[in-house]
Amino acid sequence: MPASRPSDSAAPRAAAVRWFGRMQLLRLLGKSERTMAWLVEDSRDGAERMLVLPRVQPGDAAALEHWMQVARRGARLNHPQIASALEVGAQDGWPYVTYEAAATVADRLPQRGLAGPEAAQWTAQLLQGLAFAHEAGVAHHDIQPYLLLVGEGGTVQLAGLGVAAEPATSTADPLSTIDGRIRELHRSAAERDVLAAGILLHRLLTGENPLEEPDIGRVIALMPPQGREFVRLSWNGTHPIAEPLRAIANRATDRQERQRYRSARTLLRALEGWLRIESEAGGGVLALLGDRLRSAGVLPASPGAAARAARLAMMTRERTNELAEVVLEDLALSFELLRLVNTAQVRGAQVSGTGPVLTVRRAIAMLGLDGVRRAALSLRPWPGPLTESGAAELERLIERCKRAARVAMALRPAGYDSEVVYLLALLQNLGRLVVQYHYADEAQQIRRLMQAAPNPREGEPEEPGMSEESAAYAVLGADIESIGIAVARYWGLDDSVLAMIRRHAPTAAVRAADSDDDLLQFAASCGNEAIDALAQPAARASAALHRVVQRYGRLLGFGMRELQAVLQGQSIAPIAYTAPAPLDGAAA
């Protein structure tokens, strides 16, 4: 590119003034293998500008024209997180784009990195602009810290859209081939942009260049599939990094390509979910659901709700346990009754000092048949806002949760209320049910991330999937169990119940129960672990079931024979088994 004007040759060498056309080059802001950016002064008005241009000059007039078309398309995009181009032009065969001069992320990034929320906020703003550009058919091709402008209040804008664009596809190919190749190139470039944003997030969090390489493009070239290096956050950084944010950042640069974010929107949703949870004073994980619980309910009425409503309408003098069996067929109705009777208002008026309500029987006795009917009519009809595939997946999950609850009920120690164990096992799945209903696409992502995959190297063990917790962090910014706990707390369930509806950690030993609450939690966890074990591939299911027996068998009093009998559907009794109580009687 042109370096200086002839008239400048008489000036002292140390004070040489370099020019690019009418623009005086003041300072190099940054460069990579693909682009470079300068702070310049425009001789027409004396204003400072940012000049961005490719490192490689287009080879001919056709290539230059293609570059100009791509750059102009990017310059026409109007979004708060995309810097407005002042000029798209060419000088002596070198194309360029200019912007208003501003501080860059490279200038503003402290040596020790940013605190988690600020790093996530800067990256989220970048992704907002990037997602908009990708959806308009424009990729960036070379995201670098010096191409991110930081304005007042920490507003981030992306500059240099299309400056590093690939050369045009040969027009000698058939039109259909060209269109397909263009789509494939755009998809590939968009995924590369998202990976670059993930690498940038690592740099913002640590203040260090990943792999000690300042050029993000070079880092990408060193990572799979081209190279063998991987980028992962260390545990000894200068700032503590929250586990959800760590999972998001590490998924963005995962060494397995299949685990990385496929689009700017998916990475953006994860960061925004975590940021919202962090920023809501006292809202916690419940803030993630926003108005969804109020508009769509916790769950929709299960299929067959009309038939159940007809049965309820005919029950005028039935006893509580018989009505409870009808209600328990519908998870949404069961949960709604628990919510109604555990609110502060109802508890204060009717069950003051008696603790939480954990059976549908007792809820029915408190609300009466008319209260149950009103609750049934308040539910969102199946399947709520879900698509057909989402509804099918939710129905499968509900049946799986019910089966786990029946297994837990059958394996409970003698003397413990079957319905309490049944409902606790269901409530241990509350987060999974809520996520499947309100975030069906994200739930599918989480399942995909948890799956193992064949190793591309023959003879090597399969590539492991993520744990459910890490996968949920990486997709939603929150773990699934915390979502369930937040909903249960919103209903009014106290801390003792919240402890019971946490699954016992699979890596934690099952000790002797210190209380009835511990034993109830173990029984519910056992049922859920047994069904999880059964869902594993046949080669691993038997070993997983033996681990369930080893963990819980001595405490709950069963062996492999009893577990297999229960799993085959034997020894399953009605849920609301206790002696009948009149509907108008006191709390059961």
Spacing of [X] atom [atom1] and [Y] atom [atom2] [to the nearest 0.5 Å]:
| X | Y | atom1 | atom2 | value |
| --- | --- | --- | --- | --- |
| Trp274 | Ser279 | CH2 | OG | 10.0 Å |
| Tyr437 | Leu299 | OH | CG | 7.5 Å |
| Ser482 | Leu476 | OG | CG | 11.5 Å |
| Leu433 | Leu426 | CG | CG | 8.0 Å |
| Gln24 | Arg18 | CD | CZ | 10.0 Å |
| Leu64 | Gln69 | CG | CD | 10.0 Å |

Requested in this report: Decide, yes or no, whether a salt bridge links Arg262 with Glu257 under the criterion of side-chain N to carboxylate O below 4.0 Å.
Outcome: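 No, this pair does not count.
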
**Report entry** Carboxylate-amine/guanidinium contact Arg503 Asp532, below 4.0 Å
**Finding:**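 Judged by the 4.0 Å cut-off on N to carboxylate O distance, Arg503 and Asp532 do form a salt bridge.
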
Within the distance-only criterion (no hydrogens, no angle test), does the side chain of [X] pair as donor or acceptor with the backbone N or O of [Y] below 3.5 angstrom?
| X | Y | result |
| --- | --- | --- |
| Arg73 | Gly162 | no |
| Asp107 | Thr104 | yes |
| Arg276 | Ala287 | yes |
| His438 | Gly297 | yes |
| His239 | Gly113 | yes |
| Asp42 | Arg22 | no |
| Ser295 | Asp291 | yes |
| Trp38 | Leu26 | no |
| Asn250 | Leu233 | yes |
| Glu213 | Val219 | no |

Please examine the side chains of [Y] and [X], heavy atoms only from C-beta on, and report whether any two atoms are closer than 4.5 Å.
| X | Y | value |
| --- | --- | --- |
| Leu148 | Leu200 | yes |
| Pro145 | Ile216 | yes |
| Ile199 | Met223 | yes |
| Trp491 | Val298 | yes |
| Leu271 | Leu267 | yes |
| Leu51 | Phe20 | yes |
| Ile143 | Leu130 | yes |
| Leu161 | Ile82 | yes |

Considering all heavy atoms of both residues, which atom of [X] and which atom of [Y] are nearest to each other, and what is their separation?
| X | Y | value |
| --- | --- | --- |
| Leu449 | Ala471 | CB-CB, 3.9 Å |
| Ala37 | Leu147 | CB-CD2, 4.2 Å |
| Leu338 | Leu427 | CD1-CD1, 4.4 Å |
| Trp382 | Pro300 | CE3-CG, 3.7 Å |
| Ala47 | Arg49 | CB-NH1, 3.0 Å |
| Asp142 | Ser32 | OD2-OG, 2.6 Å |

Return each pair, listed once, that meets salt bridge (charged side-chain N to carboxylate O under 4.0 Å, His left out) where at least one residue sits in [range]; pairs must be two or more places apart or across chains.
| range | result |
| --- | --- |
| residues 225-241 | none |
| residues 240-253 | Glu243-Arg246 |
| residues 475-493 | Glu481-Arg502 |
| residues 428-443 | Arg269-Glu442, Arg432-Glu468 |

I'd like to know if the side chain of [X] pairs up with that of [Y] as donor and acceptor (distance under 3.5 Å, no hydrogens or angles considered).
| X | Y | value |
| --- | --- | --- |
| Gln428 | Ser525 | yes |
| Tyr261 | Glu191 | no |
| Gln157 | Gln81 | no |
| Arg400 | Asn429 | no |

Requested in this report: Answer yes or no: are there more than 12 heavy-atom neighbours, outside Asp45 itself, under 6.0 Å from its atom CG?
Outcome: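 Yes, CG of Asp45 has more than 12 neighbouring heavy atoms, counting only those of other groups under 6.0 Å.
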
Report task. Go through the steps for Leu29 and Met50 under the test side-chain contact (heavy atoms from CB on, under 4.5 Å), then give the verdict. Result -> CA-CA 9 Å; Leu29 298 175; Met50 179 185 189; 3.9 Å; yes

Requested in this report: In sequence, state the C-alpha distance, the side-chain angles, and the governing distance for Thr206 and Thr238, and then conclude on side-chain contact (heavy atoms from CB on, under 4.5 Å).
Outcome: CA-CA 7 Å; Thr206 64; Thr238 55; over 6 Å; no

**Report entry** His186 and His134 aromatic ring geometry - parallel, tilted or perpendicular at 30°/60° bounds
**Finding:**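 Judged by the thresholds at 30° and 60°, the geometry between His134 and His186 is perpendicular.
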
Query raised in the report: Phe132 vs His79 aromatic rings, parallel, tilted or perpendicular, using cut-offs 30° and 60°?
Result: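 Taking His79 first and then Phe132, their aromatic rings sit tilted (interplane angle of 30° to 60°).
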
Query raised in the report: Given Leu430 and Val434, is the side-chain contact (heavy atoms from CB on, under 4.5 Å) satisfied, shown in steps?
Result: CA-CA 6 Å; Leu430 180 58; Val434 168; 4.0 Å; yes

Requested in this report: Applying side-chain contact (heavy atoms from CB on, under 4.5 Å), name anything that partners Glu393, two or more places apart in sequence or on another chain.
Outcome: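 By the side-chain contact (heavy atoms from CB on, under 4.5 Å) rule, Glu393 matches Arg396, Gln436, Arg447.
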
Requested in this report: Could you tell me which residues satisfy side-chain contact (heavy atoms from CB on, under 4.5 Å) with Ala119, sequence neighbours excluded, listed by chain and number?
Outcome: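 side-chain contact (heavy atoms from CB on, under 4.5 Å) list for Ala119, sorted by chain: Leu114, Leu201, Leu204, Leu205.
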
Requested in this report: Please lay out, stage by stage, how Met23 and Thr98 fare under the test side-chain contact (heavy atoms from CB on, under 4.5 Å).
Outcome: CA-CA 10 Å; Met23 290 174 277; Thr98 61; 3.9 Å; yes

